[in-house]
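Here is how names work: the chains are called A, B, and so on, in the same order as the sequence lines, proteins then strands, and each is numbered from 1. Since the model is a prediction, treat every value here as computed from it, not as a measurement.
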Amino acid sequence: MPELPEVETIKNNLQEILPLRIKELELRREDILRCQDYALKELAGQSIEEASRRGKYLILAVNNGLFLVFHLGMSGRLYIQEEENTILEPHVHVIIHLDKRLKLLYQDARRFGGLWLLKDIDSFFSRLGKEPLSEEFCPPYLEQVLQGRQTAIKNLLLNQNLISGLGNIYADEALFMAGIRPDRQAASLSVREIEGLCCGIKEVLTKSIKYRGTTFRDYRDGKRQPGEFQNHLQVYGRFNQACPNCGQPLKRTRIGGRSSHYCEKCQH
DNA sequence: CGCTAGTCCTGTCTGC
DNA sequence: TGCAGACAGGACTAGC
């Protein structure tokens with residue numbers, strides 16, 4: 001499940017080899033296109049100049065002002081392959097044929113993800129919350145976000161319109177690092193706890209990027225390599241295993257329809 | 001407006 | 001061995 005660190009890793013992989021010229025965008029499934037502001041033909045002969053990321057979205061900027069925006073959903077993969085490699089895996093929905101004998105493939109079994117062909121990305125991203133690794137994401141911002149909210153803190157961390165890029169894995173990890181139970185009422189957090197949570201969010205994301213993301217099953221980076229942060233997770237997916245802090249078996253519960261992992265003793 | 005539950009989707013796992 | 005059902009969840013939407 002590609003969250004911020006996974007998309008950041010893919011972005012870094014692609015940025016290394018840009019610019020690349022587009023020969024043709026081959027759309028193998030129409031319904032993977034979520035929005036189309038321009039014709040596919042307009043991409044032919046143009047150059048992908050820059051890869052960037054906003055929240056969990058990966059953005060490819062084309063030299064004539066067009067954008068390709070991918071969201072990988074649950075099972076999406078975006079990776080580079082050599083053009084002469086003709087082995088076609090199942091669920092490859094988009095193939096972007098490039099120069100330098102390369103192609104960029106979008107593969108997504110569950111199809112929760114998609115591709116947006118946009119001319120204006122500012123309005124597209126205007127609803128997204130602040131980037132958790134930016135300077136403007138700070139305790140006062142988090143405090144403002146939590147103010148008056150009755151829902152569980154975990155639900156707010158997953159709301160992309162408030163904080164962009166956190167998913168189920170890193171929300172659980174950040175709450176563990178901050179010593180806060182995922183079902184705590186958001187508005188009940190003290191200033192000190194908010195500071196700890198802000199710090200925990202930044203720390204877990206930074207560390208995961210360093211390990212090139214978390215591969216539970218589906219995730220692969222832009223070179224089709226799995227990440228390594230799954231070996232450093234403290235609570236996510238570790239139900240009934242020992243808490244790395246106190247040794248007590250970790251708990252699992254459901255919050256907002258999502259599985260949530262925490263330590264009863266270390267989180268309050 | 002805030003929040004919950006349902007929806008989309010398919011590979012993988014569990015139980016009979 | 002095979003099949004049915006549960007489960008995973010990001011983002012959106014309907015409804016209370």
Side-chain angles (χ1 to χ4, degrees), chain A residues 1-10 28-35 53-59 69-78 88-94 106-116 118 121 123-132 144-175 182-189 201 205 208 213-220 226-227 229-230 233 235-240 250-262:
Chain A
M1 14 192 138
E3 307 178 27
L4 187 154
E6 290 74 31
V7 181
E8 180 75 13
T9 301
I10 297 171
R28 306 186 73 245
R29 250 197 102 105
E30 291 285 334
D31 61 5
I32 217 71
L33 257 195
R34 300 306 178 84
C35 177
R53 180 194 58 74
R54 179 77 174 90
K56 301 176 192 172
Y57 291 89
L58 189 130
I59 306 159
V69 177
F70 288 92
H71 192 294
L72 305 184
M74 279 288 292
S75 55
R77 294 173 175 174
L78 195 60
L88 192 58
E89 297 251 329
H91 311 298
V92 171
H93 309 308
V94 181
Y106 179 66
Q107 179 183 30
D108 188 356
R110 267 161 275 187
R111 302 208 306 279
F112 276 24
L115 169 60
W116 288 254
L118 303 175
I121 52 168
S123 63
F124 183 73
F125 290 123
S126 64
R127 285 175 58 190
L128 277 189
K130 291 199 189 301
E131 282 290 325
Q144 178 202 317
V145 160
L146 306 191
Q147 202 169 32
R149 299 292 199 125
Q150 305 302 303
T151 194
I153 180 65
K154 168 89 180 267
N155 285 333
L156 288 197
L157 296 185
L158 294 177
N159 185 336
Q160 301 300 301
N161 298 325
L162 302 175
I163 305 167
S164 58
L166 279 186
N168 206 33
I169 296 174
Y170 300 112
D172 279 4
E173 292 296 311
L175 285 164
D183 57 358
R184 268 282 293 284
Q185 185 195 68
S188 77
L189 267 64
I201 289 168
L205 293 175
S208 180
T214 302
T215 297
F216 252 82
R217 181 174 300 149
D218 295 316
Y219 170 69
R220 295 294 182 277
F229 194 65
Q230 64 276 10
L233 293 173
V235 288
Y236 184 86
R238 301 190 65 243
F239 170 59
N240 257 346
L250 293 169
K251 299 282 179 186
R252 182 174 61 195
T253 185
R254 283 194 94 75
I255 298 167
R258 313 246 168 81
S259 65
S260 301
H261 312 72
Y262 67 101

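- Looking only at atom types and distance, the side chain of A:S164 has no donor-acceptor partner in the side chain of A:Y57 under 3.5 Å away.
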(message) With side chain to side chain donor-acceptor pair (under 3.5 Å) as the criterion, how do A:T214 and A:Y170 come out once you've worked through the C-alpha distance, each side chain's angles and the decisive distance to 0.1 Å?
(response) CA-CA 10 Å; A:T214 302; A:Y170 300 112; 2.7 Å; yes

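- Using a 4.0 Å cut-off, no side-chain N or O of A:S75 falls inside it from OP1 or OP2 of B:dG11.
- Computed from C1' positions of five pairs at each end, the angle between the two local axes of the helix from B:dG2-C:dC16 to B:dC16-C:dG2 equals 50°, rounded to 10 degrees.
- When all heavy atoms are compared, the tightest approach of A:S75 to A:D218 is CB-OD2, 3.7 Å.
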Pairs under 3.5 angstrom, nitrogen or oxygen only, protein versus nucleotides 8-12 of chain C, please.
from, atom 1, to, atom 2, distance (Å)
C:dA8, OP2, A:R254, NH1, 2.8
C:dA8, OP2, A:R254, NH2, 3.4
C:dG9, OP1, A:N168, ND2, 2.8
C:dG9, OP1, A:Y236, OH, 2.8
C:dG9, OP1, A:S259, OG, 3.0
C:dG9, OP2, A:S259, OG, 3.2
C:dG10, OP2, A:N168, N, 3.4
C:dG10, O3', A:H71, NE2, 3.4
C:dA11, OP1, A:H71, NE2, 2.5
C:dA11, OP2, A:K56, NZ, 3.2
C:dA11, OP2, A:Q160, NE2, 3.4

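- Checking A:Q150 against A:D31, the closest nucleotide of DNA chain B that is more toward the 5' end is the one next to A:Q150.
- Inter-residue side-chain proximity for A:K154 and A:D183 is flagged as unmet; no heavy-atom pair is nearer than 4.5 Å.
- For the pair A:R149 and A:L162, the minimum side-chain heavy-atom distance is below 4.5 Å.
- A:H91 has a side-chain polar atom (N or O) that falls below the 4.0 Å cut-off from OP1 or OP2 of B:dG11.
- Look at A:E3 and A:K56 and you find no salt bridge, because none of the NZ, NE, NH1 or NH2 atoms lies under 4.0 Å from a carboxylate O.
- With contacts defined as side-chain heavy-atom distances shorter than 4.5 Å, the pair A:E131/A:L4 qualifies.
- The distance between atom CZ of A:R77 and atom P of B:dG11, rounded to the nearest whole Å, is 12 Å.
- Using a 4.5 Å heavy-atom threshold, the side chains of A:F70 and A:L115 count as touching.
- When the C1' atom of B:dC3 is taken as reference, atom CG of A:L146 falls 16 Å away, rounded to whole Å.
- A:Q147 CD: 12 or fewer foreign heavy atoms inside a 6.0 Å radius.
- Toward the 5' end of DNA chain B, the nearer of the two residues A:R29 and A:L156, judged by each one's closest nucleotide, is A:L156.
- Taking atom OH of residue A:Y106 and atom C1' of nucleotide B:dC9, one finds them 12 Å apart after rounding to whole Å.
- Rounding to whole angstrom units, CG of residue A:D183 and P of B:dC3 are separated by 15 Å.
- Residue-level contact check: A:D108 touches neither bases nor backbone, having no heavy atom under 4.0 Å from any strand.
- A straight line from CD1 of A:I255 to C1' of B:dA5 spans 16 Å, rounded to a whole angstrom.
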